[in-house]
Each structure stands twice: as C-alpha cells, then as structure tokens.
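Since the structure comes first, as structure tokens, the remarks are kept for the end.
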There are 2 protein chains.
Amino acid sequence: MAVELRPSQALRLLHELSLAQVRDDAPDLSPRQLAILLSVYLETPPHTVRGLAARLGVTKPVVTRALDTMGALHLVSRRRDEADRRNVIIQRTVEGALYLEKLGDQVVAVARALPR
Amino acid sequence: MAVELRPSQALRLLHELSLAQVRDDAPDLSPRQLAILLSVYLETPPHTVRGLAARLGVTKPVVTRALDTMGALHLVSRRRDEADRRNVIIQRTVEGALYLEKLGDQVVAVARALPR
DNA sequence: CGGGAACAATCCGCTGCCGTAACGATCCTT
DNA sequence: AAGGATCGTTACGGCAGCGGATTGTTCCCG
C-alpha cells in the first residue's frame, strides 16, 4: 500500500529530520550532493557523470565537484570505463551504503515517532 | 497511528524529494535554513535569535544570516520585542506559510506514489 | 545611577559551491 | 590517417555560508 501521510505530518517529519541533520556534525551533504548519492545507490548502474548531470538537470562540473567531495568522504568512488575510456563509472562503496542505511533507519525512526 | 515506513521506502522518498528540490529552480534553502524555517512555523512562538540558535545547536550569527537570507525571500520577518528591546521576534509571513504548505503537499504526493 | 550581563548584528578571513568557458583525452567516421 | 564529436576535468571569477571575535543597545541589579 502507498504510504499514508498528511501534510502536517510531512512537515513534522521534515522538521525532525532537518534538526537531526543540523545537529549531527556528520558531513553535511548539500541537497545536490544527496540527490547524486541517492541516484547512484537507488538507480540501476552504470552511472556516468553525463548521465547524472542530465538526470538532475545540472551541469557536468557540478557532478564532478560533488563526486570529488563525496569521494574524499569515501561515499562513492570512480573508475574509468575500459570499454570506452572517455567515460567514468561511478561506483558505490561500503561506507556509502552504510551512510544511506543509517539515513534510512533514521527516517523510519522519526516517522514512527510522529504523532497521529 | 504512527506512520509506517520501511527503510527502502524512506530512501526512495528522500530520493524523489531531493530530485524535485534540485530540479526546481526555487530558492534552494540550505539544511540549516530549512531547519530554522520549520522551527519558526511548527514550534510555539515567540522565536528569538538566541532561542533558535540554542535549539539548532549553532551560533547566533548563523541564525542572523539565515534570517537575512530568508527575510529577503519574504519567508520570515523580524520585529523588535517592545517588552524587551534587546530581543528580536521572528515572525511568520504569508509567503512562508505558502512555501511550507507546498512543501508539505509535495512530500505527501511523493509518499503516496511510493511503491508498496 | 552606574557597571556588568544579555542580546542581536556586524566584521574578518576562510572555505566551498556555483556557472561559464576552456582543455586534454578518447572515440567515431570517412 | 584526420577531422570532428563526445566525455570528464580543470581554470576562473564570483557569491554565500561558516566560526570567532567584536560592537552597539538595552536591560538588570546592587
């Protein structure tokens, strides 16, 4: 079944999530970075810079820079496509999977605590 | 009843929301700005700079700057507390309420479209 | 009434992200 | 083999946010 949610609950959910994110001194991903990370982990590979840029409606340098940042955090990694060496394949990492797993659990926990 | 949500659904929800936010060329609020905005609209007034800073665990200049930015977008407004003129009371605006209303509806729509 | 406390705003230097425009490498087509 | 197209990256100048320290008001209390 679809997830039932009223607007007031939705805003409370966002509120709790944003408070948790701000207070965590965890690496504070920007909206664009998070969108890229989720695309890499939730959509079917392979992922290229160009593909992600088109998917998000942003320019390629934006993707490159986001990958630089998240690569330094070990949330994603890059590899040359040997079949077409112009392409770069974006790969998932253990740390990235763990990061998103925690994030998902956090959302679930907040949702469960939401007032009726 | 609490909102039922599985981790995979939670991540899909975040994915759709972040994609929508990135593609909208709407004023892209930072996580901190959104947290402040939601606190102002969802928690009981009055709201002061100091109170919000303590609530989010950030410094006061962060709140002042966020209010500058969101004030320019007419999402919030400021007023001197006449009872204690050291304080600044953060007030809601029609535009801000509308902004959050749309945001809440968007979350609901995405949640409803989530696969079982 | 005077000195200190509380509050918000501002200043400072720094870091990170932005968009545009280039660039080098690689592929494809002829 | 050569020209053009495609891909990712980098260079550049600009803008916004950050933390920490400081300032100017206003209040409080002895």
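Because the structure is predicted, anything quoted here is derived from the model rather than measured. Chain identifiers are assigned alphabetically (A, B, ...) following the order of the sequence lines, protein sequences preceding nucleic acid strands; residue numbering begins at 1 within each chain.
Judged as a salt bridge (Lys or Arg N to Asp or Glu O under 4.0 Å), and not counting sequence neighbours, the contacts of Arg86(A) are Asp84(A). Listed by chain and number, the residues in a salt bridge (Lys or Arg N to Asp or Glu O under 4.0 Å) with Glu101(A) amount to none (sequence neighbours excluded). Residues passing the side-chain hydrogen bond (donor to acceptor under 3.5 Å, both in side chains) test with Ser77(B), sequence neighbours excluded: none. Not a single salt bridge (Lys or Arg N to Asp or Glu O under 4.0 Å) links Arg12(A) to another residue, sequence neighbours left out. Under the rule for a salt bridge (Lys or Arg N to Asp or Glu O under 4.0 Å), the partners of Asp68(B) that lie at least two apart in sequence or sit in another chain are Arg78(B).
Residue Leu13(A) is not grouped with residue Val108(B) when hydrophobic side chains (ILVMFWY) are merged at heavy-atom distances under 4.5 angstrom, including chains of intermediate members. Cluster membership for Val62(B) and Val88(B), using ILVMFWY side-chain heavy atoms within less than 4.5 angstrom, is not shared. Ile89(A) and Val40(A) fall into different hydrophobic clusters, where Ile, Leu, Val, Met, Phe, Trp and Tyr are joined by side-chain heavy atoms under 4.5 Å apart, directly or via other members.
Side chain of Gln9(B) to backbone of Arg6(B): a donor-acceptor contact under 3.5 angstrom is found.
Leu11(A) and Leu42(B) make their closest contact through O-CD1, 3.5 Å (heavy atoms, listed as atom of the first residue, atom of the second, distance). What you find for Val22(A) and Pro31(B) is that their closest heavy atoms are CG2-O, 4.0 Å.
Proximity of residues 39-61 of chain B to DNA chain D (heavy atom under 4.0 angstrom from any strand atom) is restricted to Thr59(B), Pro61(B). Within residues 75-85 of chain A, the residues having any heavy atom under 4.0 Å from DNA chain C are, by residue number, Asp84(A), Arg85(A). For DNA chain C, the residues of residues 63-73 of chain B within the heavy-atom distance limit of 4.0 Å (strictly under) are Thr64(B), sorted by number.
Taking a heavy-atom distance under 4.0 Å as the criterion, the stretch of DNA chain C touched by chain B extends 5' to 3' from dA6(C) to dT10(C). Where DNA chain D meets chain B (any atom under 4.0 Å from a heavy atom), the bounding nucleotides read 5' to 3' are dG17(D) to dC27(D).
No side-chain donor-acceptor contact under 3.5 Å links Ser39(B) and His47(B).
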Residues 69-76 of chain A, side-chain donor-acceptor partners within the protein, below 3.5 Å, at least two apart:
{"residue": "Thr69(A)", "atom": "OG1", "partner": "Arg65(A)", "partner atom": "O", "Å": "3.2"}

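For residues 31-54 of chain B, the set of pairs meeting the salt bridge (charged side-chain N to carboxylate O under 4.0 Å, His left out) definition, not counting sequence neighbours, comprises Glu43(B)-Arg55(B).
A 4.5 Å side-chain heavy-atom check between Leu34(A) and Leu103(A) finds at least one atom pair inside the cut-off.
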